[in-house]
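All residue numbers in this chain count up from 1 along the given sequence.
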Amino acid sequence: MTRRVTLADVARTAGVSSTTASLVLSGRGSELRISSAVQERVREASADLGYRPNIVSVGLRKGTTRTLGLVSDTVATGQMAGDMIKGAIEAARDHGFMLFIGETEGDPAIESALIDAMLDRRVDGIMLTSMFTRTRAVPAALERLPTVLLNTLPAGPTRAPAVVPDEVEAGRAAARLLLDAGHRDIHLVGAGPGADDVPPDTVAGVERLAGIREVLHAAGLEPASSHLCDDWTPPQGWAATHDLLAHHPRPRAVICFNDRLAFGTYQALQESGLRIPDDVSVVSFDNYPMADWLRPGVSSFAIPHEALGRRAVELLLAEVAGTPAVPEVHRLPVPLAARGSVAPA
């Protein structure tokens, strides 16, 4: 096994003490009046030997390792939410930090082990991350370290801030989009009609529905129909839309609670001979790749995954730098990816 080159090796090759070599390589040679010739000899020895400083040791002396941890459930292997990782990595790199990533697959024992491993490696802060926005308890170990919740809301009191998409405003915007197009006959696929009629453990469902209901109520309207789906997948979207059509053969507008439901809704509408958007306007959420592949593409509100990752790192680094954590929720805008699925009533 190749032995790691040490500072002592550099000093011995340059013919100086380890202290002198350390001062030169840390950039303090001129400040402490070490001759140019000695400094050059130390730098040449370092380059020839391929010396690299022990960052962990340096970090422990300075009180920072310039590393951050990210502990996720399935974000790292998720097709869409992987952009959160990209945003976090880029933001960390921009500030000279390295990001360690661990994935738990939802196993509490693995999560605990990953957090312990990152604490053992003296990371400066940790992001606790979820693939889908959800509510969860913050492990006690993280209350003693700079921590940010990414795409996660705290289930109880915590000092950690949270960064999530503004799903309530996305729901409002979806309803406004259809109202502004003149629609008053608006059906819901995925949740409703009541505020509690949502799949279990879905923050997005609760908040999107709240925004939709708020705007419709302000316009003096109720959903024309609502179809709760306990799993937002294409088959359930297809079945819910067929149920909708059994009672409302000529719907004018549909809000699907995510793009996978919309895929099933498209199939059901087209099987019934209805054209999008000529007969029915459809709006959705998440902006999955399939949203653009549908014909016509479905207008969908895009989760700002990359921006979420970046904001979480910025908040974490502010705390690492000494800014006291404020346990507030930062909600990022969810922009519309407008396509061809909405037409005037």
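Side-chain atoms of R184 do not come within 3.5 Å of backbone N or O of L221 as any donor-acceptor pair. A distance-only check finds a donor-acceptor pair linking the side chain of T152 to the backbone of L150 [under 3.5 Å]. Looking at S112, its side chain never comes within 3.5 Å of a backbone N or O of P108 through a donor-acceptor pair. R213 places no side-chain N or O within donor-acceptor distance of the main-chain N or O of G211, the cut-off being under 3.5 Å. A donor-acceptor contact shorter than 3.5 Å is absent between the side chain of S130 and the backbone of T133. The backbone N or O of L25 sits nowhere less than 3.5 Å from a side-chain atom of R28 that would complete a donor-acceptor pair. Between the D259 side chain and the Y288 main chain, a donor and an acceptor come within less than 3.5 Å of each other. The main-chain N or O of A45 is never found under 3.5 Å from a side-chain atom of T13 such that the two would form a donor-acceptor pair. N151 places a side-chain N or O within donor-acceptor distance of the main-chain N or O of M131, the cut-off being under 3.5 Å. Of the possible donor and acceptor atoms, none in the side chain of H305 sits under 3.5 Å from a partner among the backbone N and O of I85.
Residues T129 and S72 bring no donor and acceptor atom of their side chains to less than 3.5 Å of each other. Of the N and O atoms on the side chains of H247 and S225, not one donor lies less than 3.5 Å from an acceptor on the other residue. A donor atom on one side chain and an acceptor atom on the other are not found under 3.5 Å apart for T104 and D107.
Look at E169 and R176 and you find a salt bridge, because one of the NZ, NE, NH1 or NH2 atoms lies within 4.0 Å of a carboxylate O, short of that distance. A salt bridge is absent between E314 and R310; no separation between the charged side-chain nitrogens and carboxylate oxygens falls under 4.0 Å.
When the side chains of ILVMFWY residues are joined at heavy-atom separations under 4.5 Å, either directly or via intervening members, L294 and L274 end up in a single hydrophobic cluster. By the rule that hydrophobic residues join a cluster once side-chain heavy atoms approach within less than 4.5 Å of another member, L216 and V283 end up as members of one cluster. A single hydrophobic cluster is seen to contain both I276 and V189, as judged by linkage of ILVMFWY side chains at heavy-atom distances under 4.5 Å, directly or through other members. Taking hydrophobic clusters as Ile, Leu, Val, Met, Phe, Trp and Tyr residues chained together by side-chain heavy-atom distances below 4.5 Å, F257 shares a cluster with V215. L68 is connected to L308 through a chain of hydrophobic side-chain contacts under 4.5 Å among Ile, Leu, Val, Met, Phe, Trp and Tyr, so both are in one cluster.
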side-chain contact (heavy atoms from CB on, under 4.5 Å) between R134 and D73: does it pass, once the steps are laid out? CA-CA 11 Å; R134 65 188 182 101; D73 44 24; 3.5 Å; yes

Working for side-chain contact (heavy atoms from CB on, under 4.5 Å), residues Y51 and D9: CA-CA 9 Å; Y51 170 73; D9 295 328; over 6 Å; no

Evaluate side-chain contact (heavy atoms from CB on, under 4.5 Å) for F285 paired with V334, printing each intermediate quantity in order. CA-CA 9 Å; F285 300 88; V334 180; 5.7 Å; no

Before you tell me yes or no, could you show the steps for E105 and I110 under side-chain contact (heavy atoms from CB on, under 4.5 Å), namely the whole-Å CA-CA distance, both residues' side-chain angles and the distance that decides it to 0.1 Å? CA-CA 8 Å; E105 291 293 339; I110 295 176; 5.5 Å; no

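Residues L269 and D279 fail the side-chain proximity criterion, which asks for heavy atoms closer than 4.5 Å. You'll find the side chain of I303 stays beyond 4.5 Å of the side chain of D83, heavy atoms only. In this structure, the side chains of L23 and V42 stay at 4.5 Å or more apart for every pair of heavy atoms. Here the side chains of T241 and Q267 are not in contact, with every heavy-atom distance at 4.5 Å or above. Contact check for W238 versus E271: side-chain heavy atoms found under the 4.5 Å cut-off. Between R121 and T65 there is no side-chain heavy-atom pair separated by less than 4.5 Å. The shortest side-chain heavy-atom distance between S226 and D197 does not fall under the 4.5 Å cut-off. In this structure, the side chains of I101 and I89 come closer than 4.5 Å at one or more pairs of heavy atoms.
Scanning both residues, S284 and A262, for their nearest heavy atoms gives OG-CB, 3.9 Å. The heavy-atom pair separating R208 from N258 by the smallest distance is NH1-CB, 4.2 Å. Nearest heavy atom pair, residue P165 against residue P304, reads CB-CD, 4.1 Å. Of all non-hydrogen atoms in A11 and A21, the two that sit nearest each other are CB-CB, 4.0 Å. Residue V5 comes nearest to L49 through the heavy atom pair CG2-O, 3.3 Å, listed as atom of the first residue, atom of the second, then distance. Heavy-atom minimum distance, F100 versus V123: CD1-CG1, 3.8 Å.
From R260, atom CZ reaches atom OG1 of T233 across 7.0 Å, with rounding to the nearest 0.5 Å. In this structure, the separation between CG on D286 and CD on E167 is 7.0 Å, given to the nearest 0.5 Å. For the atom pair L177 CG and S341 OG, the distance stands at 8.0 Å (nearest 0.5 Å). Within the model, atoms CD1 of I212 and CZ of R172 stand 11.5 Å from one another, a figure rounded to the nearest 0.5 Å. Taking CG of L316 as the reference point, atom CG of L149 lies at 10.5 Å (rounded to 0.5 Å). With rounding to the nearest 0.5 angstrom, the CG atom of D196 is 11.0 Å from the CG atom of L228.
Within a 6.0 Å sphere centred on CG of D278, heavy atoms belonging to other residues, nucleotides or ligands number more than 12. Shown here is F263, whose CZ atom has no more than 12 heavy atoms of other residues, nucleotides or ligands within 6.0 Å. Around CG of D201, the count of heavy atoms belonging to other residues, nucleotides or ligands within 6.0 Å does not exceed 12. The environment of H248 atom NE2 is dense: over 12 non-hydrogen atoms of other residues, nucleotides or ligands sit within 6.0 angstrom.
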